[in-house]
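Quick note: numbers below take in every heavy atom, side chains included, and nothing from hydrogens, waters or symmetry partners.
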Amino acid sequence: MSHVVSSLDQPSNYKDSQTRIDRQKQNDLLSKSTTLYIGNLSFYTTEEQIYEVFAKCASPEDGGGIKRIIMGLDRNTRTPCGFCFVEFYTHAEALASMRYVSGTKLDERIIRCDLDLGYKEGRQFGRGKSGGQVRDEHRQDYDPGRGGWGAQAQRLEIERRREVEERYADAQDGPGAVAGGGGEWKQDENAVAERNLKRGRSPDDEGEGREGQRTKMDDVDAERM
């Protein structure tokens with residue numbers, strides 16, 4: 001069955017495009033590597049969580065343990081962007097992590113582990129056009145753990161909204177547009193109409209009003225009695 005199921009501690013065929021070595025040299029270095037690349041992390045996963053998970057594969061009694069963890073950062077915002085490097089003291093610990101941690105869930109995400117040639121300064125930053133990882137640059141699905149929509153999809157949505165706003169502004173200023181405002185003019189027109197509906201009161205009206213009021217008061221006094 002060994003020829004059917006591939007070993008879990010074998011590195012992938014990934015080759016860093018910025019590495020200037022051939023495939024044979026790369027395989028030789030990976031056979032001794034103590035560094036792991038961890039991918040598909042949530043942007044919200046902390047260094048403490050990563051340490052807790054990978055410390056289970058460490059062997060401090062054999063002189064091993066986690067040497068350091070380097071969090072992957074967005075090149076522009078300096079915030080986590082979904083990957084990290086874990087350095088052990090021994091190659092056996094790195095292989096154990098590939099066997100027992102890779103493919104498991106962390107923050108409800110299936111994380112991937114791969115042997116790495118070794119961390120160098122600058123590799124902690126995303127290589128995507130927007131500062132994050134390249135995979136999030138072209139991603140078309142919505143992933144709340146990795147910033148929502150992919151960077152390219154977000155740019156297209158921003159452009160679409162800008163075009164809609166520009167068309168709306170042109171429609172407001174173009175021919176046939178419905179004029180807005182006019183609040184003060186409407187108030188003046190209503191005031192004039194109200195004055196036209198009212199007519200002046202004459203002295204006779206005032207007299208009739210007083211007599212009518214006096215009659216009503218007499219009726220009230222009569223009812224009370």
Problem set entry | Pairing residues for Y142 by the ring pair (Phe, Tyr, Trp, His ring centres under 6.0 Å) criterion, not counting sequence neighbours |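 For Y142 the ring pair (Phe, Tyr, Trp, His ring centres under 6.0 Å) partners, ignoring immediate neighbours, are W149.
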
Problem set entry | By ring pair (Phe, Tyr, Trp, His ring centres under 6.0 Å) - contacts of Y119 (at least two apart) | F85

For this session: Among residues two or more places apart or on two chains, list those pairs meeting salt bridge (Lys or Arg N to Asp or Glu O under 4.0 Å) that have a residue in residues 110-125.
Result: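 Checked against salt bridge (Lys or Arg N to Asp or Glu O under 4.0 Å) - neighbours excluded - the pairs reaching residues 110-125 are D16-R123, D116-R123.
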
Indicate the atoms forming the closest heavy-atom contact of [X] with [Y], along with that distance.
| X | Y | value |
| --- | --- | --- |
| R99 | L8 | O-CD1, 3.8 Å |
| A58 | G65 | CB-CA, 3.7 Å |
| F83 | Q124 | CZ-O, 3.5 Å |
| C81 | D74 | SG-N, 3.7 Å |
| S102 | C113 | OG-N, 3.1 Å |

Give the cluster check for [X] versus [Y]: same hydrophobic cluster or not, with ILVMFWY residues linked at side-chain heavy-atom distances below 4.5 Å.
| X | Y | answer |
| --- | --- | --- |
| F125 | F43 | no |
| I66 | I38 | yes |
| I70 | V86 | no |
| L36 | M71 | yes |
| F88 | L106 | yes |

Problem set entry | ILVMFWY clustering at 4.5 Å (side-chain atoms), partners of I158 | none

Exercise. Tracing side-chain links under 4.5 Å among I, L, V, M, F, W and Y, which residues wind up in one group with I110?
Worked result: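 Joined to I110, directly or through intermediates: none.
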
With sequence neighbours excluded, residues passing side-chain contact (heavy atoms from CB on, under 4.5 Å) with [X]:
| X | value |
| --- | --- |
| R167 | E163, V164 |
| Q152 | H138, Q140, R155 |
| E52 | none |
| R23 | K15, Q26, N27 |

For this session: Just grab all the side chain to side chain donor-acceptor pair (under 3.5 Å) pairs involving residues 61-70, residues at least two apart or on different chains.
Result: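 Pairs touching residues 61-70 that pass the test: R68-E87.
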
Problem set entry | Partner set under salt bridge (charged side-chain N to carboxylate O under 4.0 Å, His left out) for D141, not counting sequence neighbours |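 Partners of D141 under the salt bridge (charged side-chain N to carboxylate O under 4.0 Å, His left out) test: R139.
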
Problem set entry | Pairing residues for R162 by the salt bridge (charged side-chain N to carboxylate O under 4.0 Å, His left out) criterion, not counting sequence neighbours |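 None.
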
Exercise. Only one of I50, I111, V53 clears side-chain contact (heavy atoms from CB on, under 4.5 Å) with T45; which?
Worked result: I50

When you measure from the side chain of [X] to the backbone of [Y], do you find a donor-acceptor pair of N or O atoms at a distance under 3.5 Å?
| X | Y | result |
| --- | --- | --- |
| E93 | T34 | no |
| R146 | L41 | yes |
| H91 | S33 | yes |

Exercise. When you look at OH of Y100, are more than 12 heavy atoms from neighbouring residues, nucleotides or ligands closer to it than 6.0 Å?
Worked result: no

For the atom pair [atom1] ([X]) and [atom2] ([Y]), what is the distance rounded to the nearest 0.5 Å?
| X | Y | atom1 | atom2 | value |
| --- | --- | --- | --- | --- |
| Y44 | R109 | OH | CZ | 10.5 Å |
| Q133 | R75 | CD | CZ | 12.0 Å |
| L29 | Q24 | CG | CD | 10.0 Å |

Exercise. Does F54 reach the side chain of V101, with side-chain heavy atoms less than 4.5 Å apart?
Worked result: yes

Problem set entry | Pair Y51-I69, side-chain contact (heavy atoms from CB on, under 4.5 Å): steps then yes or no | CA-CA 8 Å; Y51 185 92; I69 295 173; 3.8 Å; yes

For this session: Would you check, one step at a time, whether the test side-chain contact (heavy atoms from CB on, under 4.5 Å) holds for L95 with L115?
Result: CA-CA 8 Å; L95 293 181; L115 285 176; 4.0 Å; yes

Problem set entry | Any side-chain donor near an acceptor of the partner, E137 and S130, under 3.5 Å |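 A donor-acceptor contact under 3.5 Å links the two side chains.
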
